[in-house]
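Notes for the one structure printed next.
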Amino acid sequence: MSVSGESSGRVQQMREKAQQLEQAAERATDPQERQKLQEKAQRLREQSRQEGSMGGQQVFPPE
């Protein structure tokens with residue numbers, strides 16, 4: 001696999017993990033746990049945007 005292929009795979013994995021964290025946050029009954037999960041998801045989204053832009057990809061549309 002090429003370097004750009006590895007990068008896009010990593011970005012995709014980060015995107016999927018962020019989605020999983022968002023879903024877990026939606027199910028969380030504890031407000032602190034929900035906030036923690038949402039913050040983790042947000043950090044992953046930001047990181048995947050940065051890595052995606054370095055690889056010439058747009059992983060998430062601008063908000």
> In this structure, which one of R43, Q50, R49 forms a side-chain hydrogen bond (donor to acceptor under 3.5 Å, both in side chains) with E46?
Replying inline: R49

> Which residues satisfy the salt bridge (charged side-chain N to carboxylate O under 4.0 Å, His left out) test with E33, sequence neighbours excluded?
Replying inline: none

> Atom CD of Q38 and atom CG of L21: how far apart are they, to the nearest 0.5 Å?
Replying inline: 10.5 Å

> Where do A18 and A41 come nearest, in terms of heavy atoms and distance?
Replying inline: O-CB, 3.6 Å

> What pairs with E16 under side-chain hydrogen bond (donor to acceptor under 3.5 Å, both in side chains), at least two apart in sequence or on another chain?
Replying inline: Q12

>> Against L44, only a single residue in K17, R15, Q13 fulfils side chain to side chain contact (heavy atoms under 4.5 Å, CB included); can you say which?
In response: K17

> What heavy-atom pair brings G52 and V11 nearest, and what distance separates the two atoms?
Replying inline: N-CG2, 3.8 Å

>> Taking side-chain hydrogen bond (donor to acceptor under 3.5 Å, both in side chains) as the definition, give me every residue that meets it alongside E39, ordered by chain and number, with sequence neighbours left out.
In response: Q35

> Tell me the salt bridge (charged side-chain N to carboxylate O under 4.0 Å, His left out) pairs involving residues 21-30, sequence neighbours left out?
Replying inline: E22-R45

